[in-house]
Amino acid sequence: MNTTILSWTTRLAIASLLLSACASATTGKSPIPTAPPTQPPEPTQVPTPTASPTLSPDEQPPGGAQFEFRTDFSKHSVPYSEILSGGPPKDGIPAVDRPAFVSASEADEWLKPAEPVVFFQIGDDARAYPIQIFMWHEIVNDTVGDVPVVITFCPLCNTAIAFERTVDGRVLDFGTTGRLRYSNLIMYDRQTETWWQQASGEAIAGELTGTQLVFRPVSIIAWADFKAAYPNGKVLSRDTGHDRPYGSNPYAGYDDVNNPPFLYRGPETPEVLPPVARVLTVDLNGEAVAYSYDVLQAQHVVNDTVGGTEVVVVWMPGTASALDAATVAGGQDVGSANGYARELDGQALTFAFDGSRIVDNETGSEWNVLGQAISGRLAGKALAPVVAINHFWFSWAAFKPETRIYQP
C-alpha cells in the first residue's frame, strides 16, 4: 500500500483500527490492517441495546454505554444525539495513570529538536509531555508541584489542555470513553464515571453534570525550547506500561487546511477561517478571542485586551506539526504560540517584533516564547501565563461561537 497517496480519511480509519487493536494488546505491536475500512469501526466489544421507545434520540444514552459504564445517564447537559463513537471502546485508548519521568539528557536520545511537547509547570516543577506519547494515550493523570492534575491531548482537535483533578475535595482519575462530541475527546472519571468534555472541562453526563474543572495554563512548544529553558526539567518517559509505536503519527495528513474535520457533526463552522485552521484561543472574564496562526506568523506579537486583561500573544518558529507527517517529529514547521498577561511588577508592557527578536518597548529586553526575559534590563523575569489553548478553528467555534477573531 502506497501511504503517500492515502487520503487523510483512510489514514484516520486505519488509525482507528490501530487504536482499537491496542485496547486488547498486552504484548507486541498492534497489527496493521491489510486494507482500509470504508468507515471508522464501531466498538464491537459490547452489545448495543435496543433504543427505548419512550426516549427521544437526545435522551437516549449512546449505544452500548449502559453496558460499559455505571454512569447515571439520567443526568446530562447535552443532547446524547451529539455524541458519536470514535471507534475504540471505554479505555480502548489507555490513559497513563502512573507516569514515569526521565531527565532531559535521557529524553534527548529519542526526541528531535523541533518535536512538539506539551509544556506544563507549577512552581519550580517544570515538565514536558511528548506528543508522540499522547498520540496513543490522550490522558496523563499526574501530580505536579503537589497539585493533582490531568494533562490531556485530543489529536482530532489539536487541543492540549490541563486541569486540576480535585473536585469538591475529592481527587479524580480520568480515562477515555471512546466517544466524541464535535470531534472532541470525551473523558470520564473513574470515581463517579461522569463524562467530561475535554474542550470545555465541563461534566456533561452523570452524577457531576454541570461541574467545571479548573483550567491550568499549558502550551505546545518545541523540545529544543523546553530543553534550553529547563535543562533539569522532567520528561514523560516512554515506559508507560504499554507497547506502542511511539514517534509514529497515525493521523498523517490530518492537519491539511483543505481537509474537513474527521467525525465532525455539530454546528456549521463560520467561514471566516477554514475549519482546520490553527488558532490560539484565550477566554478571559467572559470574552473569547481566537488568534489565527497565519496572522501570528506574520506578526509574531499581538498586544491585546481580553476580558479587561491586557495580554500579549507571541509566536516563534521551530515547532513541528504533530499531525502532518508519518512521524510526529517530521511535520512541517508551524511554530508555537502562547499567551501571557502583559503586566509585570505593576507595569503594563507593550511588545514588538524587531525582525529577529521579541522585545518590550519599555526596556528593550528580549523575550522568548515561554514568556521569559532572556536579555536586557528585565533578564530573569517572567510573564504570568494565561490559559491559551491551541485548537483547530472548527473545534473552538463549535464550543465558543461568540468568539472574536483577532484582526491586525
Side-chain angles (χ1 to χ4, degrees), residues 9 12-13 16 19-20 23 37-93 138 152 154 156-157 159 161 167 172 174-213 260-271 275 288 391-403:
T9 51
L12 284 176
S16 188
L19 294 175
S20 293
T38 57
Q39 61 183 6
E42 293 293 325
T44 57
Q45 289 80 355
V46 294
T48 300
T50 302
S52 169
T54 62
L55 294 177
S56 71
D58 288 349
E59 298 295 323
Q60 184 72 45
Q66 299 97 318
F67 292 97
E68 292 181 271
F69 294 88
R70 52 183 175 83
T71 306
D72 180 358
F73 287 110
S74 68
K75 299 179 180 179
H76 59 105
S77 59
V78 302
Y80 284 130
S81 59
E82 295 180 349
I83 296 176
L84 304 177
S85 169
K90 175 185 181 183
D91 292 323
I93 300 174
E138 299 189 1
T152 67
C154 176
L156 295 184
C157 299
T159 45
I161 309 178
V167 174
L172 305 179
F174 291 87
T176 60
T177 63
R179 273 72 173 182
L180 303 168
R181 177 169 170 257
Y182 304 160
S183 296
N184 182 250
L185 164 68
I186 298 177
M187 315 181 292
Y188 79 98
D189 72 78
R190 298 195 181 103
Q191 284 66 33
T192 71
E193 300 216 346
T194 295
W195 289 21
W196 303 78
Q197 189 79 61
Q198 186 242 12
S200 65
E202 182 183 356
I204 60 172
E207 176 185 326
L208 300 178
T209 294
T211 303
Q212 175 69 56
L213 296 175
F262 185 59
L263 285 180
Y264 178 75
R265 188 172 71 193
E268 185 175 351
T269 303
E271 295 182 357
H391 275 264
F392 288 134
W393 169 235
F394 80 87
S395 170
W396 182 254
F399 291 100
K400 292 286 183 178
E402 72 283 2
T403 290

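Since the model is a prediction, treat every value here as computed from it, not as a measurement. Nothing fancy with the numbering, it's 1 onward along the sequence.
In this structure, the side chain to side chain contact (heavy atoms under 4.5 Å, CB included) partners of Ile161, at least two apart in sequence or on a different chain, are Thr152, Thr159, Phe163, Gln198, Phe215, Ile389. Under the rule for a ring pair (Phe, Tyr, Trp, His ring centres under 6.0 Å), the partners of Trp195 that lie at least two apart in sequence or sit in another chain are Phe69, Phe73. For Phe399, the ring pair (Phe, Tyr, Trp, His ring centres under 6.0 Å) test picks out Tyr182, with sequence neighbours left out.
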Can you list, pair by pair, the side-chain donor-acceptor contacts under 3.5 Å of residues 260-270, counting residues two or more places apart and other chains?
from, atom 1, to, atom 2, distance (Å)
Tyr264, OH, Pro267, O, 2.5
Arg265, NH2, Ser81, O, 2.5

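Separating the CG atom in Asn184 from the CD1 atom in Ile83 is a distance of 11.5 Å, to the nearest 0.5 Å. For the atom pair CG (Leu156) and OG (Ser395), the distance works out to 9.5 Å, reported to the nearest 0.5 Å. Of the inter-residue distances, the one linking Leu208 atom CG with Asp72 atom CG reads 10.5 Å to the nearest 0.5 angstrom. A distance of 9.5 Å separates NE2 in His391 from NZ in Lys400, rounded to the nearest 0.5 Å.
Between Leu172 and Gln191 the shortest heavy-atom distance is CA-OE1, 3.2 Å. Nearest heavy atoms, Thr177 versus Ile186: OG1-O, 2.7 Å. Residues Cys154 and Leu185 share a closest heavy-atom pair of SG-N, 3.5 Å. Nearest heavy atom pair, residue Gly64 against residue Arg179, reads C-NH2, 4.0 Å.
Side-chain contact between Thr403 and Trp396 is present, with at least one heavy-atom pair separated by less than 4.5 Å. Under the 4.5 Å side-chain criterion, counting only non-hydrogen atoms from C-beta, Arg181 is not in contact with Leu84. Considering only heavy atoms from C-beta on, Thr211 comes within 4.5 Å of Trp196 through its side chain.
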Tell me, with the steps shown, if Asp91 and Tyr188 meet side chain to side chain contact (heavy atoms under 4.5 Å, CB included). CA-CA 10 Å; Asp91 292 323; Tyr188 79 98; 2.6 Å; yes
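The number of heavy atoms from other shown groups lying within 6.0 Å of CD (Glu402) is above 12.
Applying the salt bridge (Lys or Arg N to Asp or Glu O under 4.0 Å) rule to pairs touching residues 55-67 yields nothing, sequence neighbours excluded. The stretch residues 189-202 participates, sequence neighbours left out, in these salt bridge (Lys or Arg N to Asp or Glu O under 4.0 Å) pairs: Arg70-Glu193, Lys90-Glu193, Asp97-Arg190.
Between the side chain of Gln212 and the main chain of Ser200, a donor-acceptor pair closer than 3.5 Å is present.
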